[in-house]
2 protein chains.
Amino acid sequence: MIPKHDSAIPMSTRERIIEAADQLFYEQGFEHTSFAQIAQAVGISRGNFYYHFRTKDDILDTVINHRLQRTNVMLEHWEVEGETPSDRIRSFINILIMNRAKIKRFGCPVGTLCSELIKLDHPAQGDAKELFILFRTWLSRQFVQLGHAEKADELAMHLLAQSQGIATLASAFQDEAFINREVDRLHDWLTSCTATP
Amino acid sequence: MIPKHDSAIPMSTRERIIEAADQLFYEQGFEHTSFAQIAQAVGISRGNFYYHFRTKDDILDTVINHRLQRTNVMLEHWEVEGETPSDRIRSFINILIMNRAKIKRFGCPVGTLCSELIKLDHPAQGDAKELFILFRTWLSRQFVQLGHAEKADELAMHLLAQSQGIATLASAFQDEAFINREVDRLHDWLTSCTATP
DNA sequence: ATCATTTTAGGACGTTTGTCCTAAAATGTA
DNA sequence: TACATTTTAGGACAAACGTCCTAAAATGAT
């Protein structure tokens with residue numbers, strides 16, 4: 001399962017750096033987060049930081065791969081846990097509810113990272129996009145199982161876009177109630193997808 | 001109409017700075033754009049730049065107000081041009097088509113700016129949010145005229161969220177065809193709104 | 001206990017940043 | 001023409017950044 005810090009096994013310095021960077025990149029953005037901030041958050045010196053990650057792109061790549069692994073584990077878990085494909089899709093929709101407090105403050109971790117890297121014209125754009133691709137192919141697979149074989153990818157992209165828009169506006173307007181409203185709407189939409197085969 | 005540079009009346013240095021900054025903030029982000037870059041784009045010295053704008057927050061505020069004015073003019077124009085409220089809403093939806101080339105490359109100017117300022121915890125967050133509010137109240141007014149008085153604001157926010165999501169994914173996946181597909185979907189949705197009073 | 005390796009701390013370096021100053025050039029006015 | 005004001009250029013400045021180096025401390029193996 002998820003290799004969380006068991007509190008029995010203490011995290012290595014490297015792991016602690018990755019987690020701190022992950023969080024700071026989400027909350028403050030990649031460019032606006034400095035080596036010094038990450039080092040301070042972990043409680044180590046900048047020199048020690050440099051021992052583990054030589055460049056800023058290094059730590060970014062590692063954070064993205066870390067997110068990819070975590071996301072993959074989550075999706076696989078949903079696939080064995082959810083009984084029907086629509087159950088699994090609803091698990092995806094409910095991320096918005098589960099993480100609404102953070103989404104309200106910082107938006108979607110995937111969408112905001114991709115947007116930032118695009119503006120920076122950063123080489124890691126493609127890696128960040130893989131996060132979206134992960135959700136896209138997973139959702140697409142669920143829609144195929146739901147009986148929408150030829151429209152599966154279109155539906156997956158539509159649902160992805162919806163959640164992106166919800167996250168963007170929720171953070172711009174600092175509005176959690178809006179998230180709830182739109183999630184209800186998404187569930188209704190999925191129901192109508194299930195009803196009409 | 002839009003006060004474009006008539007090429008008869010040459011733009012003042014100040015105006016040229018604002019337009020250059022506006023474009024660069026959109027394409028590269030606010031923080032990633034430096035005084036030097038804007039000055040170079042305009043073709044003036046950094047010292048001259050400082051004569052017109054003393055701080056970076058100064059130029060940001062001015063750019064946001066510039067966008068607010070341009071947007072206001074555009075919306076008022078649509079209001080006298082579009083015959084029915086649904087015509088006017090369709091004008092909004094079609095921004096995605098008109099600007100698809102830029103949206104594909106840089107996302108939505110409003111959404112990406114708001115997201116960035118949130119991460120920077122920048123004082124101008126509220127001003128940037130006004131851009132969204134402009135569209136929100138305008139769309140809400142159209143939905144009222146369409147006969148959805150009590151659900152007008154909800155519909156406005158829903159449409160705003162949709163376009164945000166479309167812009168985010170279109171830029172992440174560099175996919176213009178996706179924009180076309182989702183815009184068609186939005187037009188269908190609006191038709192169903194009009195049919196069901 | 002000794003030694004080799006890994007890990008850490010702290011500072012140095014060159015660059016870029018936003019900001020500010022001063023003097024020259026351009027412009028308008030009498 | 002002579003003068004006052006606006007506009008421009010170019011450099012100075014401290015601070016922050018990513019990067020890199022060196023030496024001490026911690027750790028593990030023999």
Side-chain angles (χ1 to χ4, degrees), chain A residues 5 8-64 113 116-117 119-125 127-128, chain B residues 5 8-64 113 116-117 119-125 127-128:
Chain A
H5 44 88
I9 304 159
M11 281 193 296
S12 70
T13 303
R14 183 184 164 89
E15 284 170 328
R16 285 191 298 145
I17 291 175
I18 295 170
E19 299 237 336
D22 191 347
Q23 186 178 336
L24 284 170
F25 288 170
Y26 175 37
E27 297 180 359
Q28 308 190 342
F30 167 67
E31 195 181 28
H32 191 243
T33 301
S34 66
F35 274 35
Q37 274 181 305
I38 303 173
Q40 189 183 7
V42 180
I44 60 173
S45 64
R46 293 197 318 288
N48 190 6
F49 188 104
Y50 180 73
Y51 170 75
H52 292 283
F53 299 97
R54 308 181 81 76
T55 70
K56 213 180 174 189
D57 294 0
D58 247 12
I59 174 74
L60 177 60
D61 287 344
T62 310
V63 164
I64 293 177
L113 178 64
E116 183 182 1
L117 296 185
K119 305 245 169 187
L120 302 185
D121 199 22
H122 195 282
Q125 275 175 67
D127 294 324
Chain B
H5 43 88
I9 304 158
M11 282 193 295
S12 70
T13 303
R14 184 185 162 86
E15 285 171 328
R16 284 191 298 145
I17 290 174
I18 295 169
E19 299 238 336
D22 191 348
Q23 186 178 338
L24 284 171
F25 288 171
Y26 175 36
E27 297 180 357
Q28 307 190 342
F30 167 67
E31 195 181 27
H32 191 243
T33 300
S34 66
F35 275 34
Q37 273 181 305
I38 302 173
Q40 189 184 6
V42 179
I44 61 174
S45 65
R46 293 197 317 288
N48 190 5
F49 189 104
Y50 182 72
Y51 170 75
H52 292 282
F53 299 97
R54 307 181 82 76
T55 69
K56 213 180 174 188
D57 295 359
D58 247 10
I59 175 74
L60 176 61
D61 288 344
T62 309
V63 164
I64 292 177
L113 178 64
E116 183 182 1
L117 296 184
K119 304 244 171 189
L120 302 185
D121 200 22
H122 194 281
Q125 276 175 67
D127 294 325

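Within every chain, numbering begins at 1; the chains are lettered A, B, ... in the order of the sequence lines, protein sequences first and strands thereafter. Quick caveat: nothing in here was measured; it's all calculated off a predicted structure.
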Any donor-acceptor N/O pair, [X] side chain to [Y] backbone, under 3.5 Å:
X       : Y        : answer
B:Gln37 : B:Ser34  : yes
A:Gln28 : B:Leu120 : no
A:Glu15 : A:Ser12  : yes

- On DNA chain C, which is the earliest and which the latest nucleotide, 5' to 3', with an atom closer than 4.0 Å to a heavy atom of chain B?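 Counting from the 5' end, contacts occupy C:dT17 to C:dC20.
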- Item | Whole angstrom value for the distance that separates P of D:dC20 from CZ of A:Phe49 |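 Taking atom P of D:dC20 as the reference, CZ of A:Phe49 is at 13 Å.
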- Message: Within 45 degrees of the ring normal and closer than 6.0 Å to the centroid, is that where the cationic atom of A:Lys119 sits relative to B:Phe25?
- Response: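 So A:Lys119 doesn't make the cation-pi contact.
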- Query: Which heavy-atom pair separates B:Thr13 from B:Asn48 by the least distance, and what is that distance?
  - Reply: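 Of all heavy-atom pairs spanning B:Thr13 and B:Asn48, the closest is CG2-ND2, 4.2 Å.
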- Task: Inspect the surroundings of CD in A:Gln40 and state if more than 12 heavy atoms from other residues, nucleotides or ligands are less than 6.0 Å away.
- Result: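 Check fails, neighbour count at 12 or below.
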- Message: Please tell me whether A:Gln23 and A:Glu19 have a donor and an acceptor in their side chains that are separated by less than 3.5 angstrom.
- Response: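 Looking only at side-chain atoms, A:Glu19 and A:Gln23 do not form any donor-acceptor pair under 3.5 Å.
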- Mind telling me whether B:Phe30 and B:His122 have parallel, tilted or perpendicular rings, with 30° and 60° as the class edges?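 Perpendicular: the ring planes of B:His122 and B:Phe30 meet at over 60°.
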- Query: Rounded to the nearest 0.5 Å, how far apart are CD1 of A:Ile18 and NE2 of A:His52?
  - Reply: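 It is 10.0 Å, given to the nearest 0.5 Å.
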- May I ask you to list the residues of residues 29-40 of chain B, by number, that have any heavy atom positioned under 4.0 Å from an atom of DNA chain D?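 Here the set is empty: none.
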- Counting only non-hydrogen atoms, which of residues 52-59 of chain B are less than 4.0 Å from DNA chain D?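 Going residue by residue through residues 52-59 of chain B, the ones with a heavy atom under 4.0 Å of DNA chain D turn out to be B:His52.
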- Item | B:Ile17 vs B:Thr62, side-chain contact (heavy atoms from CB on, under 4.5 Å): CA-CA, chis, key distance, verdict | CA-CA 10 Å; B:Ile17 290 174; B:Thr62 309; over 6 Å; no
